[in-house]
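First comes the structure, then the notes that go with it.
Model, not experiment: these values are computed from the prediction. In what follows, chains are A, B, ... by sequence order, proteins preceding strands, each numbered from 1.
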Amino acid sequence: MKLESIKIAMLGTTGAGKTSYLLGMYAVMQTGIQGFTLAAKDMDLDLELIQRWEKLISLKGEDRWPTPNAAAMEYYGFDFSYGFRPLMGFEWLDYRGLALSDRSTEQDVADLVHYLEESECLFLCISGEHLVREITPNTVREIKSDRMNQFIQQYVSNNKQPNPQKPFPVAIIITKYDLCHHRDKDEIIADVKKLFQALFTPNSGWSVMICPVSLGKELGEDPENGSIIPVNVHLPVVFAVYSRLNAYGLQLEQQQNRQTVTIDSIKQKNPLLQLLKASQLQEEITKLETSKAEIAVVAENMKLLAQELRQASLYFNGNEVTADV
Amino acid sequence: MSEGKWAAIVYGRSYHLDFRFITVPDNFTAQDIQWASTYIVATTQQARNLAGSPRWALFKNDSHCVVGVTCMVRDLIKQSLDSNSVNFMTKDDQGRPLYVFVGYVTELNQQGQLDDFPAYQAANLEDFRLLYQEIEQVWLVKNYERQSTPARLSSYQPISFSQNAIAPKSHQIPTLNELANYPQKTFVWPNLKQQNRCLWLASAKHSQATSICLNIEGKTLVNSPFLNQSCSQIEQFQIQQRIATVSKNSLTSSAGEHEAVPSSLSQKISQRAIEDLDLTLQQAAKVATASQELIHSFADWSNQVEIDSSPSRSTIDEIESFGFKTKKSDSDNQDWF
């Protein structure tokens with residue numbers, strides 16, 4: 001089974017911790033989770049990400065954190081594999097551009113629109129420093145959730161038209177969770193829901209994960225010297241892959257239903273016609289068996305990933321759900 | 001000949017606000033800003049390698065020439081401020097070390113050559129230090145403040161640089177890549193101080209639109225507009241593709257452009273034969289479909305079994321729940337950490 005590449009758009013304002021998150025995620029996923037691994041398509045990029053990660057975990061002091069990015073967007077290409085067999089490609093676009101800010105120009109907006117229209121999964125990054133206490137109208141401005149919501153409506157919702165049969169995955173990643181983990185989990189979920197209300201409405205077709213990530217529990221207290229021990233950084237990628245497998249599984253199930261109906265209709269015809277259609281019947285039965293086998297493989301992979309997703313909060317059509325096949 | 005007047009151009013990040021143009025020349029149009037930003041942003045690639053290795057950039061079109069450096073703020077201002085101020089002015093509100101592009105723009109005459117311009121001085125940034133004042137003036141500006149939106153405008157003024165470049169001997173002048181020659185290529189030189197001086201001078205004296213980025217620590221700048229670069233990972237002069245990846249769209253269009261139109265008689269005949277075969281196959285398929293429909297009608301007539309082709313309710317439920325099940329209890333409602 002090799003699925004088509006998936007395009008992920010990661011949105012977040014400057015300082016949200018996207019680069020550090022990416023480095024942590026790559027380091028963890030390179031080692032692997034349940035036999036699933038991630039590797040940069042370009043060996044140079046692989047080396048670069050590893051070196052940057054090593055700098056982050058080895059250095060103490062102010063220089064350990066990555067410098068801010070001046071470029072509006074950065075592109076990364078990855079292969080997601082199971083048992084080192086490529087399962088799907090990842091085209092990962094990291095956007096921190098001015099389109100999210102009050103100082104955006106037409107070009108900034110055009111870049112982001114182009115970027116969103118092609119994406120099949122959204123990662124929205126919000127920093128835990130803005131969730132230290134209950135949100136206020138000022139939080140919306142700091143996180144730029146108002147701008148994010150507007151872009152989601154205009155260019156993701158209108159373009160992709162998600163529905164329960166064709167859900168669109170969105171991972172809301174709370175970066176630097178170490179800064180706000182003193183708060184009750186349910187309070188934080190309630191705040192996130194307030195910031196992105198439309199994603200939690202009934203029968204809207206959004207499949208949403210709220211995922212706290214951190215590079216280390218001690219960092220909230222001591223960012224310059226605290227130990228780097230990543231927590232949950234792999235989950236957004238696992239969710240993206242799970243969602244892609246889910247979409248593929250839904251497609252296969254629909255195909256299987258059509259094949260079953262065709263086979264039933266042939267079997268109910270009179271013997272003479274059944275004889276005439278014997279080869280078609282055989283062909284449909286073979287196709288059905290192939291579909292069933294593929295669904296079984298998809299379900300098997302999803303089961304492995306579902307175990308990991310228990311650590312996050314998932315919502316589908318506005319209801320809280322668990323990943324389960 | 002250049003008139004020797006220069007206007008400040010500064011692109012950087014302040015304490016709270018993200019990268020943007022802080023200062024631009026007063027005659028810069030939106031198009032000029034866009035032109036300059038592609039070069040400036042390219043100089044910030046692999047910014048982690050900037051410490052102690054400022055990148056010197058010079059780029060010009062028909063009307064303007066920009067000279068400047070992209071460097072860590074700490075390297076730019078460390079000699080002019082006390083250690084506490086340096087500590088405060090070199091990091092953003094997330095504690096991350098900052099870098100900046102500071103430079104000057106001059107208007108070019110018809111010859112497109114510069115006479116009076118700052119010399120290449122590797123790690124010595126004296127000629128550009130003063131420009132950091134532009135950032136100091138907006139250092140603590142917040143998003144909602146009026147000063148955050150427009151870039152400040154600078155006027156063209158005569159500037160005396162600390163050290164003007166001395167023209168090298170003609171045999172020392174390297175051949176530069178220019179826009180009119182190989183726009184898709186970038187010439188890459190090893191990062192040698194003396195050679196960088198010559199390259200810098202050659203670029204300034206060059207009469208055509210060209211661009212150069214010198215003293216790049218690490219890899220060459222990829223997908224950048226620079227036609228010439230010098231970088232530490234290169235041991236010998238190389239010519240590389242300027243744009244590393246070609247987008248799918250451009251591949252499609254170029255394939256379309258190259259699609260051959262049959263020219264010879266034999267090609268025309270074979271093309272026609274292929275078209276005829278396609279038509280025959282299409283007609284055969286139509287006949288087959290019609291026959292199938294006839295058989296279906298016969299079957300329906302002889303066997304009045306109505307089959308509902310839509311999936312049953314239980315199937316729809318299954319589709320809806322594939323992969324996700326409604327959470328039934330709070331048994332696994334554990335702490336996220």
Side-chain angles (χ1 to χ4, degrees), chain A residues 13-15 44 48 52 55 62-63 65-72 96 98 101-103 105 107 141 164-165 177 181 185 207 212 214 217 223-224 231-232 242-243 245-246 249-250 253-254 257 261 264-265 268-270 273 276-277 302 310-314 316 319-325, chain B residues 11-13 17-20 30 34 40-48 50-51 70 72 87 91-99 101 143-144 148-150 219 245 295 298-299 302-303 305 307-311 315-316 318-328 332-337:
Chain A
T13 55
T14 175
D44 282 348
E48 187 189 322
R52 291 171 75 181
K55 183 184 168 192
E62 59 187 38
D63 286 340
W65 300 108
T67 49
N69 291 326
R96 68 107 203 109
L98 285 169
S101 89
D102 303 336
R103 301 181 303 284
T105 63
Q107 186 59 42
R141 282 191 61 78
Q165 274 72 46
Y177 181 65
H181 86 280
K185 173 183 164 184
S207 142
S214 168
K217 292 177 187 178
E224 292 186 1
V231 184
N232 291 346
Y242 189 86
S243 301
L245 287 169
N246 184 44
L250 283 170
E253 281 217 345
Q254 285 163 1
N257 288 335
V261 168
D264 285 351
S265 76
Q268 284 171 27
K269 295 191 191 305
N270 70 34
L273 283 169
L276 279 169
K277 292 195 161 203
M302 286 174 74
R310 286 193 189 128
Q311 295 164 55
S313 300
L314 300 174
F316 181 56
N319 300 316
E320 187 164 11
V321 293
T322 53
D324 193 354
V325 187
Chain B
Y11 182 88
R13 217 200 113 102
L17 298 186
D18 205 1
F19 284 93
R20 64 201 186 277
Q34 182 61 29
I40 292 169
V41 171
T43 65
T44 67
Q45 282 184 25
Q46 307 163 62
R48 65 195 170 279
L50 281 170
T70 298
M72 297 307 292
N87 213 21
K91 287 185 282 184
D92 66 5
D93 57 1
Q94 303 292 321
R96 300 175 295 183
L98 289 178
Y99 53 91
F101 172 87
N143 212 7
Y144 48 82
S148 75
T149 314
K219 293 188 293 181
T245 52
I295 292 168
F298 174 60
S302 61
N303 186 3
V305 181
I307 299 155
D308 183 4
S309 62
S310 62
T315 320
I316 289 172
E318 259 178 47
I319 290 169
E320 282 177 354
S321 61
F322 187 87
F324 294 110
K325 301 271 188 291
T326 304
K327 196 169 181 182
K328 283 171 187 150
D332 55 348
N333 198 15
Q334 67 216 27
D335 186 50
W336 271 331
F337 252 7

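When the salt bridge (Lys or Arg N to Asp or Glu O under 4.0 Å) test is applied to A:K55, no partner is found at least two apart in sequence or on another chain. In this structure, the ring-ring contact (aromatic ring centres under 6.0 Å, His included) partners of A:Y177, at least two apart in sequence or on a different chain, are B:W336, B:F337.
Residue A:S207 touches chain B through its side chain alone, counting heavy-atom pairs closer than 4.5 Å. Contacts between A:P223 and chain B at a heavy-atom distance below 4.5 Å are absent for every atom of the residue. No part of A:N319 comes within reach of chain B, as not one of its non-hydrogen atoms sits under 4.5 angstrom from that chain. For a residue to count as touching a neighbouring chain, one of its non-hydrogen atoms must lie under 4.5 Å from one of that chain's; by this rule B:T44 touches chain A with the side chain only. Only the side chain of B:D92 has a heavy atom closer than 4.5 Å to any heavy atom of chain A.
For the pair A:K185/A:S313, a side-chain contact is recorded, criterion being any heavy-atom separation below 4.5 Å from C-beta on. In this structure, B:F101 and B:F19 have side chains that are not in contact, with every pair of non-hydrogen atoms separated by 4.5 Å or more.
Among A:S243, A:G249, A:A312, A:A323, the residue with the largest count of heavy-atom pairs under 4.5 Å with chain B is A:G249. Between chain A and the options B:M72, B:R48, B:Q34, B:R13, the largest number of non-hydrogen pairs under 4.5 Å is found for B:R48. Chain A forms the most heavy-atom pairs under 4.5 Å with one residue out of B:Q46, B:Q45, B:K91, and that residue is B:K91.
Between the side chain of B:Y99 and the backbone N or O of A:A70 there is at least one donor-acceptor pair closer than 3.5 Å. Remark: side-chain polar atoms of A:N257 are paired, donor with acceptor, to backbone N or O of A:E253 under 3.5 angstrom.
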